[in-house]
Each structure stands twice: as C-alpha cells, then as structure tokens.
Amino acid sequence: MMANPTLRQRQLAKRLREMRAEAGLSIAEVAEQLLCSPAKVSRIETAQRRASLRDVRDLCRLYEVTDPTELMTLAREAQQLSWWQDSEDVGFRPLIGLETEAVEIAEYETTTIPGLLQTEDYARAVIQGFLPRIGADVLDERVAVRMKRQETLHKLSPPRYWVLLDESALHRHVGGPSTMSAQLTQLAELSHLPHVTVQVVPYTIGAHMGFDSAFMLLRFAPSAGVANTVYFDTLAGQIFLEKPSQLDRFEEVLNHLRAAALDPGDSRKRILEQRYVFAAHKG
C-alpha cells in the first residue's frame with residue numbers, strides 16, 4: 001500500500017520540530033544557518049510546506065543526525081501523489097489525507113450537513129452557493145472529490161464518527177425541497193451505522209460554547225506518529241491546530257454540546273420530522 005503523503009508530511013514536521021528543540025535552536029537561528037527565511041522553517045515544521053530532500057539533508061546536518069535515512073524516506077513519501085492531490089479543491093487536500101488515517105472524527109457543524117454525509121445534489125448546491133462563478137467542469141470535479149471522501153466511512157475499519165449538528169442545518173433550503181428531502185433521508189439512514197453518531201443541537205439551548213464556530217477534531221492512533229488535530233475552514237483559508245491547550249478547548253466544547261444536544265434517537269426523529277416537511281413541498 002502506498003504511504004499517505006499527508007501523514008508523512010506531518011510526521012516529518014513533528015520530527016523536525018522535536019529535533020530543533022533538542023538542539024536548543026530557535027527558528028530564526030535555523031533559518032540563519034540554512035540561509036532561508038524563518039517563515040520557511042516555520043511552514044515546514046507545521047506541515048504547511050513540503051520539505052525538499054535538500055531541506056531535510058541540511059537540517060539533519062545542522063542537528064547532527066548520524067543516520068538520516070528514516071527522515072529522508074519520510075520526505076520522499078511526502079512527495080508522492082494520492083488521489084486527492086490531483087483535486088482542484090486545493091484547500092481540502094490536507095484534510096482528506098488526515099480523514100483517511102483518523103481513528104476518530106468529531107465534528108460540529110453550524111450551517112450545513114457535514115461533507116462526509118452529503119448527497120451528491122446537496123454537495124453540488126453547497127459548492128455552487130459558496131462559489132457562484134465556479135465553472136461546470138470544476139464544480140463536477142469538486143463534487144466527485146466530496147463523494148469519494150465519503151469512502152472513509154465505508155471502508156473495512158472506518159473511524160468513529162460523531163457529529164454535532166446545529167438544528168438550523170436541517171431547515172436551511174439548500175438546493176430545494178427535493179434535494180433537502182433526499183439529504184435528510186440519507187442523514188437519518190447513515191446515523192444508523194454502528195460507528196456513526198449524529199446529535200442535533202436544538203434551537204432551544206440558546207447561546208452555547210460552540211455557537212458559530214464549526215470545526216472538526218481528528219484523532220489518530222499513537223502508532224501514526226502525528227498529533228491529534230483540530231481543523232476548521234474560514235474565508236481566509238484552512239486552519240490546523242495541534243497544541244494540547246488548543247485541543248483541550250475544543251474537546252471542552254464537544255463535551256458541552258454532547259450533553260446539551262438531543263440524544264441520537266431523538267435527533268433522528270427531529271431529522272425525519274423536518275424531512276417530512278420538505279417532502280410535502282416537493283414538485
């Protein structure tokens with residue numbers, strides 16, 4: 001099986017951060033030695049930029065690594081191509097690579113049905129609504145990528161997937177009544193999967209810790225060699241957080257929402273109630 005380049009890039013970044021810390025060097029000091037900008041070193045260490053083989057070779061020399069073979073292998077495997085790296089949806093490439101390796105995914109969504117649970121028509125309407133000038137070919141490609149992402153939930157050993165979904169996502173007219181009726185039907189059906197939990201966060205709880213901050217928390221097996229990660233998408237770009245203090249904050253929000261949300265059975269009932277509303281207005 002081909003190595004996951006996203007995972008290898010993050011494994012390499014983590015190792016390089018640790019090696020710099022062990023060497024007692026600052027990012028600025030490393031940049032000075034490598035004759036590059038501190039921003040480049042920082043981006044390599046946070047997996048925002050792929051390290052070239054030359055970068056890794058130079059860093060190993062600076063950190064006095066006697067056998068750089070393993071690190072050079074990580075760098076080579078980080079440069080391989082997987083199916084998602086041909087995607088036009090550049091911003092989602094790192095996320096897809098992480099989704100395929102996570103053992104648990106917890107997601108809070110405020111406005112739309114999460115991408116891993118979307119129907120094709122709903123995904124098309126969401127993408128087109130967000131990018132009204134998108135070309136037909138690019139739209140088709142992005143929809144296809146979103147559908148392929150969903151294979152993560154149906155593989156032999158899928159991640160545990162726990163969704164906290166704001167009730168507003170059930171009511172928002174995305175793509176029209178027929179699209180919404182089919183989407184909510186699929187959402188209810190997928191919530192029956194043994195590794196999937198869907199809880200609706202009802203209007204009635206009012207203001208809460210998450211409110212308008214949609215995010216995803218991805219957890220990995222210790223053997224993966226990467227840190228658990230919080231991901232969220234903004235107009236300014238995709239953000240990935242790994243510091244324990246940051247993860248603790250988002251974990252607190254998830255626990256708060258799990259306690260405040262409807263239980264899975266009542267959530268499914270609420271989803272189907274709204275599905276009937278849309279079904280009555282089809283045509």
Side-chain angles (χ1 to χ4, degrees), residues 1-23 25 27 30-31 34 36 38-60 62-63 65 68-87 89-107 115-116 145 149 152 155 157-161 215-234 237-251:
M1 179 183 295
M2 188 180 71
N4 181 324
T6 302
L7 204 67
R8 292 294 183 264
Q9 185 172 342
R10 299 185 81 81
Q11 289 169 338
L12 178 61
K14 182 173 182 289
R15 293 287 302 278
L16 293 175
R17 287 198 307 271
E18 292 170 347
M19 285 164 38
R20 179 177 58 78
E22 290 171 2
L25 296 172
I27 287 177
V30 171
L34 268 57
C36 68
K40 175 181 176 179
V41 178
S42 177
R43 288 176 66 81
I44 288 174
E45 288 192 358
T46 55
Q48 297 178 63
R49 173 180 178 144
R50 291 184 189 175
S52 69
L53 295 178
R54 177 177 294 180
D55 291 331
V56 175
R57 181 201 64 187
D58 292 346
L59 287 166
C60 285
L62 179 60
Y63 301 146
V65 176
T69 303
E70 183 181 354
L71 293 169
M72 295 295 282
T73 298
L74 287 175
R76 288 190 185 93
E77 292 182 347
Q79 294 173 0
Q80 294 177 355
L81 293 178
S82 292
W83 67 263
W84 60 83
Q85 289 175 305
D86 288 330
S87 167
D89 210 348
V90 177
F92 278 100
R93 291 177 190 171
L95 173 62
I96 297 171
L98 294 176
E99 283 178 343
T100 62
E101 296 292 336
V103 296
E104 183 175 342
I105 301 172
E107 182 168 7
L116 289 175
V145 167
R149 276 178 61 198
T152 292
K155 62 185 182 181
S157 298
R160 180 80 175 84
Y161 186 42
F215 65 93
M216 180 185 290
L217 173 60
L218 303 103
R219 295 189 179 88
F220 304 92
S223 59
V226 295
N228 295 337
T229 303
V230 166
Y231 162 86
F232 51 100
D233 193 13
T234 74
Q238 288 71 36
I239 297 174
F240 296 86
L241 304 176
E242 295 183 350
K243 293 180 180 178
S245 59
Q246 295 168 329
L247 298 181
D248 288 346
R249 171 61 175 167
F250 286 94
E251 187 70 68

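Just so it is clear, the values below take in all heavy atoms, side chains as well, and ignore hydrogens, waters and symmetry mates. Just so it is clear, the structure is predicted and the values come from calculations on it, not from any experiment.
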Heavy-atom side-chain contact between V56 and P68 under 4.5 Å: no
Under a plain distance cut-off of 3.5 Å, with no hydrogens placed, do R249 and Q246 share a side-chain donor-acceptor pair? no
Can you see which heavy atom on M72 is nearest to which on R57, and at what distance? SD-N, 4.0 Å
Between OH of Y161 and CD of E99, what distance do you get to the nearest 0.5 Å? 7.5 Å
Charged N-O contact under 4.0 Å between E242 and K14: no
I would like to know whether L241 and F250 meet side chain to side chain contact (heavy atoms under 4.5 Å, CB included); could you show each step before the answer? CA-CA 10 Å; L241 304 176; F250 286 94; 3.7 Å; yes
Tell me whether K243 at atom NZ has more than 12 heavy atoms from other residues, nucleotides or ligands lying less than 6.0 Å away. no
E70, CD atom: more than 12 neighbouring heavy atoms under 6.0 Å: no
Kindly indicate whether the side chain of L59, heavy atoms from C-beta on, has any atom under 4.5 Å from the side chain of L71. no
I239 versus F215: any side-chain heavy-atom pair under 4.5 Å? no
From R149 atom CZ to L116 atom CG, the distance as rounded to the nearest 0.5 Å: 5.0 Å
How long is the span from the CD atom in E101 to the CD1 atom in I96, to the nearest 0.5 Å? 13.5 Å
Any donor-acceptor pair under 3.5 Å linking the side chain of K40 with the backbone of R49? no
Counting only N and O atoms by type, is there a donor-acceptor contact under 3.5 Å from the side chain of Q9 to the main-chain atoms of A47? yes
Test item: M19 and L16 side chains (from C-beta on) under 4.5 Å apart, heavy atoms: yes
From M216 CE over to F232 CZ, what is the distance, rounded to the nearest 0.5 angstrom? 13.0 Å
For P38, is there any backbone N or O sitting under 3.5 Å from a side-chain donor or acceptor partner on S42? no
For S52, which residues count as a side-chain contact (heavy atoms from CB on, under 4.5 Å) partner, sequence neighbours excluded? R54, D55
Any side-chain to backbone donor/acceptor pair from S157 onto K155? Under 3.5 Å, distance only. no
State, to 0.1 Å, how close E45 and R17 come at their nearest heavy-atom pair, and which atoms those are. O-NH1, 2.5 Å
From L98 CG over to R219 CZ, what is the distance, rounded to the nearest 0.5 angstrom? 14.0 Å
Least distance between heavy atoms, I44 atom then A51 atom: CG2-CB, 3.8 Å
When you measure from the centre of the six-membered ring of F240, is the NZ or CZ of R10 under 6.0 Å away and within 45° of the axis? yes
With S223, which residues qualify under side-chain contact (heavy atoms from CB on, under 4.5 Å), at least two apart? A221
Between T152 and P158, the two heavy atoms sitting closest are O-CB, 3.7 Å
Could you check if a side-chain atom of F220 sits within less than 4.5 angstrom of a side-chain atom of N228, using non-hydrogen atoms only? yes
CG of L95 to CG of D233: how many Å apart, nearest 0.5 Å? 8.5 Å
